[in-house]
Number of protein chains: 6
Amino acid sequence: MPQPYDLPLEQLQTYRPPLTREADFDAFWQATLEQLAKVPTDATFEEIAYPANGVRVFRVTYTGFGAAQIAGWYAEPVQSSANEQVPGLVHFHGYNWSFEGGVHDVVNWALHGYAVLGMLCRGQQSSEDNLVSPHGHMSGWMTKGILDKETYYYRGVYMDAVRAIEVLASRANVDAKRIGVIGGSQGGGLSIASAALSDIPRVVVAEYPYLAHFRRAIDVAPVGPYLEINEFFRRNGDPEIEEAAMRTLSYHDIMNLAPRVKAPTLVASGLVDEITPPSTIFAAYNHIEAEKRICVYRYFGHEYIPRFHTERLQFLQKHLQA
Amino acid sequence: MPQPYDLPLEQLQTYRPPLTREADFDAFWQATLEQLAKVPTDATFEEIAYPANGVRVFRVTYTGFGAAQIAGWYAEPVQSSANEQVPGLVHFHGYNWSFEGGVHDVVNWALHGYAVLGMLCRGQQSSEDNLVSPHGHMSGWMTKGILDKETYYYRGVYMDAVRAIEVLASRANVDAKRIGVIGGSQGGGLSIASAALSDIPRVVVAEYPYLAHFRRAIDVAPVGPYLEINEFFRRNGDPEIEEAAMRTLSYHDIMNLAPRVKAPTLVASGLVDEITPPSTIFAAYNHIEAEKRICVYRYFGHEYIPRFHTERLQFLQKHLQA
Amino acid sequence: MPQPYDLPLEQLQTYRPPLTREADFDAFWQATLEQLAKVPTDATFEEIAYPANGVRVFRVTYTGFGAAQIAGWYAEPVQSSANEQVPGLVHFHGYNWSFEGGVHDVVNWALHGYAVLGMLCRGQQSSEDNLVSPHGHMSGWMTKGILDKETYYYRGVYMDAVRAIEVLASRANVDAKRIGVIGGSQGGGLSIASAALSDIPRVVVAEYPYLAHFRRAIDVAPVGPYLEINEFFRRNGDPEIEEAAMRTLSYHDIMNLAPRVKAPTLVASGLVDEITPPSTIFAAYNHIEAEKRICVYRYFGHEYIPRFHTERLQFLQKHLQA
Amino acid sequence: MPQPYDLPLEQLQTYRPPLTREADFDAFWQATLEQLAKVPTDATFEEIAYPANGVRVFRVTYTGFGAAQIAGWYAEPVQSSANEQVPGLVHFHGYNWSFEGGVHDVVNWALHGYAVLGMLCRGQQSSEDNLVSPHGHMSGWMTKGILDKETYYYRGVYMDAVRAIEVLASRANVDAKRIGVIGGSQGGGLSIASAALSDIPRVVVAEYPYLAHFRRAIDVAPVGPYLEINEFFRRNGDPEIEEAAMRTLSYHDIMNLAPRVKAPTLVASGLVDEITPPSTIFAAYNHIEAEKRICVYRYFGHEYIPRFHTERLQFLQKHLQA
Amino acid sequence: MPQPYDLPLEQLQTYRPPLTREADFDAFWQATLEQLAKVPTDATFEEIAYPANGVRVFRVTYTGFGAAQIAGWYAEPVQSSANEQVPGLVHFHGYNWSFEGGVHDVVNWALHGYAVLGMLCRGQQSSEDNLVSPHGHMSGWMTKGILDKETYYYRGVYMDAVRAIEVLASRANVDAKRIGVIGGSQGGGLSIASAALSDIPRVVVAEYPYLAHFRRAIDVAPVGPYLEINEFFRRNGDPEIEEAAMRTLSYHDIMNLAPRVKAPTLVASGLVDEITPPSTIFAAYNHIEAEKRICVYRYFGHEYIPRFHTERLQFLQKHLQA
Amino acid sequence: MPQPYDLPLEQLQTYRPPLTREADFDAFWQATLEQLAKVPTDATFEEIAYPANGVRVFRVTYTGFGAAQIAGWYAEPVQSSANEQVPGLVHFHGYNWSFEGGVHDVVNWALHGYAVLGMLCRGQQSSEDNLVSPHGHMSGWMTKGILDKETYYYRGVYMDAVRAIEVLASRANVDAKRIGVIGGSQGGGLSIASAALSDIPRVVVAEYPYLAHFRRAIDVAPVGPYLEINEFFRRNGDPEIEEAAMRTLSYHDIMNLAPRVKAPTLVASGLVDEITPPSTIFAAYNHIEAEKRICVYRYFGHEYIPRFHTERLQFLQKHLQA
């Protein structure tokens, strides 16, 4: 296992590089949200057989940004009813990590007493990605549409995430005042992004969030999908390309979105994480102005951290089930 | 990802090498079980805080083979009571895979309605391993005490597993007639071994079981802990050493134990599994005489197989919750 | 360097598995071509500065399948004119291998006396890919839209390739009776596919062609993009998914398209090629009924083969410049 | 080969971090030695056939710490006799490096004129390890019993090493006033540790000694067995676990034992050693107060260093054969 | 892809370590050139068939340093004649990179209007290396004859390179006033070295030049042939060996030769180049006193850099074809 | 560790492919030996300080094939004298494995009662290689001069080895009737080759001998220096090149030399040896007609095999010291 390679912990704790927001940062997201609002949601819930008692499980579809058909899993405790509303969770998966096993995670969360919607990111195995990029890109999604903030892949994903929260909040047996967003890696980035762009979430759990502080990420991450961006710049070395791409990324950087988060936020960072380097996580975390807490794991990388699972169960219980 | 490297599927399905039992195979296990029976169990259950509703969670200890103190996790549905007994599961973890995260798995199973005891294998991070080997061994546990069937490491583990089942069966709120044994890799091997050595289990789920058909395993497994045996033979090339070790292994080979299994058994094998080669799994499986089913996954190795999770949930539900 | 791992050469030379065409194979491609024909081509050629004498270089765009904007490079010998037409080449690049350096290859070919159009595959860095898949996919393009022959990624690419040939043939200074298609890997697959779907090409050069005999490819290729298909099947293990995908692939398998090729064809295969295994190449090659020749390189893998460069220069010269 | 990655040589030469001894450090070792003294040694020497003239070779066993049966090889020059005593060497092998080949090393040293006892570390292939850890551990020996200084694996090994020296010193034909301790890696650590805990050794040769300055080792070693400690902390993230383990290690850290060494000491450090980082070696070396010398090898890692073999032959000859 | 690991760009730009020339540096090269001059050149040009119009291609041989028979490829535009002289290029290949494919590169350059001579480095696959080293060496050529400046391998190569330029300049249809030297890696080093040792070149293009600033190179290059030197020092650790070798290298270090370059020079450096670390390139570059320009590629290593190809075409066109 | 990958042991034991000797095979070696005989030996022995009692150590030089200055180490027991002659050993090292540490091996053998000459192969770090190849080659020595049997690198090495035996035999205190040749890998190949070409050796010990059955070796060896030959064929794909090289190799193939060996021969083969595949070793071994024995090690590759060390000590003792 590799050793800590990023900044020392003392420096991480105060690492807070200046935001890189463009002047129209908030306006862009305002306009984007308005564009989303014009598309009807049309959520459908189709119950499916699942060999577990105590939960009901559904295949969900709804209309996301640009009218894409977004799929997901939904599970709720059997006992929940309109009379007795349960708290809700929207779960976002990691990058290129959408597979049928997601349903089991969703069920496990439901067994903990939450109505859970697991969104499947557009383009990644199941959900439709109908945003057409006017240009090609590196294999993967990191550089799809990257030359313009309007066409960037994550613009659609962020809006689909906002809508996933709305879909969950509109369930009769879900208490819309007790909804959390959770996820790891890309899912952690989406948790922060959606909490910055929606007023619904009351709690955020972001495990080693991705999509943070791209400028540094592409310099320090030894492996992982941040490097798709480096590779994109190798394919076309025009400095204007790099400039345009970095400008687009600034709008989608969760470091820039972090100050908009209003809900209590729990973050995890492993100090030997080579995919989402600690400094990129702290860069975003240190810009969150809401109640927050970061759990640091000296001996962990980008992987399952059992002790953090306890932390997030507690954090969610405290904020949603108390 | 590597491609199928072992026998073709058609051959696997009928691959049933002769058993390699010594004449005193059954007598050895009979004597071993009697030796276990002489040690009082002395199970203790210490409830611990766990941030989930609907379950109670305990740190378990009990006295295992040779009076070793064995630790484990135990979780049960809150609603279970002596009046309304619940079915039970004993869960065995993979090789060198004992860590605090095990508690979360145990809890998730409990949320599915089972009283679950997750045994922590002796020596592997938490439980005491007091079996003293009269000789040293290769790093790891595969060759600890391997020169004599009486001193072999897994003799103790198998007995600890039998006793774990007894500990669970003795819980007042557990229906001793509805107990299953489950696990993957080493845990799959222990599931089969304990079901062969105990009459209690009514169902067995063994995901890519380890500890099977050692003679072939050390020839075909490209990676993984079977190779500790090869390494042991490198450290001392005396043919008598190899002969003694292979004789010891024959007693602990789940292929040889398989015919003793009486409970319905569900097995999984990934065809690109380089740690527990498919042919070793089929060798054991094809010797099981009880009701059985094997799920084959062409594109999976030694890893999480989501579709098998559904299979085992169904299998357990059918046999324990029906 | 790894050694030959696929079938022995003697077996390769006669390896000719049955075609896997569906009944409507030809009808499908007929309909697809008709659909392409309905979209106006609208090719534009914008001359760009390039520091070489003797050639003129252009950025090309044209409207491809589904009206996508396809980009490419075009270079022609300065001396060519409408009076003195030159032979033409369409060049297709390898998988995920679209980058600005492509212009240099195009120029080098032009300096050999050809008018050359280097198509940039849709989605891969430069050209627009506007085919929306109704479902997500594995990172990369191999499984984009794979569940239906109508939506599969390569359906669009094949049509864009056919059209690239038409664009080149329509240049006044190009002799439409002397056009060849060339490329390696994906580019070799596209050369064969486009020569099967267009009457224009008079010669085909396919270096270790990709997109051949998928059924075997996903079983024997140790590395490379064929494995995206395996990975897709891991994400969703529904047998119907695999069946649907394999059916879609059968339409796009160049083994199935090979009998339609009418132009003389030169193929290369390296015997230690782990990305496009020799048996998949021979499977397609042995189904070509036109004049053909295969060059086998015992010591080469999926890489630059200098001796084959001489072969293809000769082959093209003979068929296009004689 | 990797390049120097640890501190620059100038800093290494003066790198002398504060000792981390607990208050009862000396008392602990005093008590441990007393505990050892209570066990009778019971050494046996069984002569074995060995195809070399000039030496006699024996399989040795003796009773070590906690009455464990420790094995080893012993070889002595044929000419040695009680009248003409020869100098002696105790040789300690590297971590997880106990194998039958050890006898050849012992013989080669004997051919140089020394009576040599090669101890085989408890648990590592041959010798019995009867110290029962009250808890499990990571695969390997680094964390066996690590939660308490009384139960830690190396406590037993250090005592076995002290006794090995005594066993050698008690041979009639060995001059107990001319005994050295030698070894590389773990064997280097044991040489320093045993020289700190026994008054017998008159010279110490420690090639890239292991078991030094654990606090830094687990931060800078990219590979090797120090990382078993990191892995142990991953299995259970309780801060008290880490604290207890680090406290235990402090007692066994050869940096803390170094000031007790009274015999002339020769140390080697390779500057590209990734298993025993140079800074950990210098940390211990710079705390040795006896006559000492360190040989630094810029281009060597954790491997055979021919030039150091000459150095140690000279050093031993000077101190033992002069 | 690895990230920048060498000095930051700002430091690179001014990184100019002191020269390490010995007092007789210039005298040594003067004597060496005189020694070369005594050997008759005896160049032969044997035309060979090559399937391209517009060029004539030849196998060249000439007598190099020490009368070795040096081979190469030569290609010239068909239209060139004594009346209408063309500019010329000498091309040097990379280390251990001499193969038959070199002819294609030479042809491509000829198609751009240059008479091109591609020298094949002595010993590396084709050309004779008759310089006998009085001692053996590490596999490869970096340490052949390294103990004396007179016998070092590159002394011969540098002279062969100077002579290659002379051979080209003596062609009737080549304009000896318009000759450039080009190459990458070893070829870049040879371009600079030959331009420092010959008055003929009017332009130099050195892509990530090798053979620069050896003292630092062997400390920072993680991979590549610089490490043959480290390995040589491992084989014999005598400090005098290292000292002698470093002295020899000082004469052949292109950093020390750089101030002698008088022709305009274009250099490339990729910031993630692990074979020719950026700092070694800048060390040489910053000592060039002629007109110069360095192109820095943040995302490229030791590989094909398309954008630099454009740069060098322009640079050559400007200086040789204007 | 990889598993057996070559032929099964039963097939190996009878694997005896036809010899590939050319008609003038014996004549070639006869002429070569005569050529060697014309060069005076001029051996010098310079005693050096070595910190061991009981041996005297020398740096040796002698004139080898083509008058090259060959270096080596020589050590002899102090007690040896002209009156009391000792048996002798010539030791050959592995490929690219010549380093100063060789002296220690030589000394250790001398301490066993042998006068030992360790030859350092020409070109490999220390000895002069003055054979000039008329063409270049791949990095390494395997293809140096390979296009003609007269110029091939190993022709010189084989003759140097024959002469090393003569040098040793001419020492006054060495019993020329009791000389053995030993070595591993390349050293094993040289042991067999020199015993085939010299009448002096009375015993041969060849540990996993290299340079055997090249035709198969380049097809089955996954790694190691046999692949330099494959790489050479990649550099120039001319079939005549391959044919010429294979013809040259046939003269130097120890399989073809094996029938000429008259001395008792001991061979070792590890079944997981990826550098000298077992089938190549058996191919040579099964052609030896002298008294012979092969030791097979199922769990060993190309590495130190302790048990074989015992075997060779016994074999040498029996044949040289009895």
Side-chain angles (χ1 to χ4, degrees), chain B residues 48 59 61 64 66-72 93-103 119-147 151 153 156-157 160 186 224-225 228 231-238 241 245, chain D residues 48 59 61 64 66-72 93-103 119-147 151 153 156-157 160 186 224-225 228 231-238 241 245:
Chain B
I48 58 174
R59 184 69 174 183
T61 60
Q69 287 306 299
I70 306 302
H93 60 74
Y95 182 79
N96 197 14
W97 210 245
S98 167
F99 54 100
E100 60 184 356
V103 69
M119 180 184 89
L120 298 173
C121 288
R122 55 169 59 210
Q124 299 183 26
Q125 187 79 355
S126 292
S127 296
E128 178 190 43
D129 178 18
N130 67 351
L131 209 57
V132 171
S133 167
H135 56 82
H137 53 95
M138 168 64 193
S139 177
W141 297 270
M142 291 310 298
T143 58
K144 181 160 179 277
I146 200 174
L147 296 182
T151 58
Y153 170 73
V157 182
D160 299 342
Q186 175 188 260
E228 291 179 18
E231 192 62 30
F232 184 80
F233 296 154
R234 288 160 51 82
R235 305 291 168 101
N236 191 320
D238 188 341
I241 294 269
Chain D
I48 59 174
R59 182 72 174 181
T61 59
Q69 287 308 298
I70 305 302
H93 60 75
Y95 182 79
N96 197 14
W97 210 245
S98 167
F99 54 99
E100 60 184 355
V103 69
M119 180 184 90
L120 298 174
C121 288
R122 55 168 61 208
Q124 299 184 27
Q125 189 80 354
S126 293
S127 297
E128 179 191 42
D129 177 18
N130 67 351
L131 209 57
V132 171
S133 167
H135 56 82
H137 53 94
M138 170 62 193
S139 177
W141 296 270
M142 293 308 299
T143 58
K144 180 160 179 277
I146 201 174
L147 297 182
T151 59
Y153 169 74
V157 182
D160 299 341
Q186 176 188 260
E228 291 179 20
E231 191 62 29
F232 184 79
F233 296 154
R234 289 161 50 82
R235 305 292 167 99
N236 191 320
D238 187 340
I241 294 269

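In what follows, chains are A, B, ... by sequence order, proteins preceding strands, each numbered from 1.
Between Val132(D) and Asp129(B), the closest side-chain pair of non-hydrogen atoms is not below 4.5 Å.
Contacts of Arg235(D) classified as salt bridge (charged side-chain N to carboxylate O under 4.0 Å, His left out), with partners at least two apart in sequence or in another chain: Glu231(D). With sequence neighbours left out, Glu228(D) forms a salt bridge (charged side-chain N to carboxylate O under 4.0 Å, His left out) with no residue at all. With sequence neighbours left out, Glu128(B) forms a salt bridge (charged side-chain N to carboxylate O under 4.0 Å, His left out) with no residue at all.
Annotation: residues 139-147 of chain D contacts chain B through Ser139(D), Gly140(D), Trp141(D) [non-hydrogen atoms, separation under 4.5 Å].
In terms of modelled atom types and a separation under 3.5 Å, the side chain of Glu100(B) and the main chain of Gly237(D) share a donor-acceptor contact. Within the 3.5 Å criterion, the main-chain N or O of Phe232(B) finds a donor-acceptor partner in the side chain of Gln125(D).
In this structure, the separation between CD on Gln124(D) and CE on Met138(B) is 10.5 Å, given to the nearest 0.5 Å.
If you tally non-hydrogen atom pairs under 4.5 Å between each of Ala71(D), Ala68(D), Ser126(D), Cys121(D) and chain B, the highest count goes to Ser126(D).
Within the 4.5 angstrom heavy-atom criterion, atoms from both the backbone and the side chain of Asn130(D) approach chain B.
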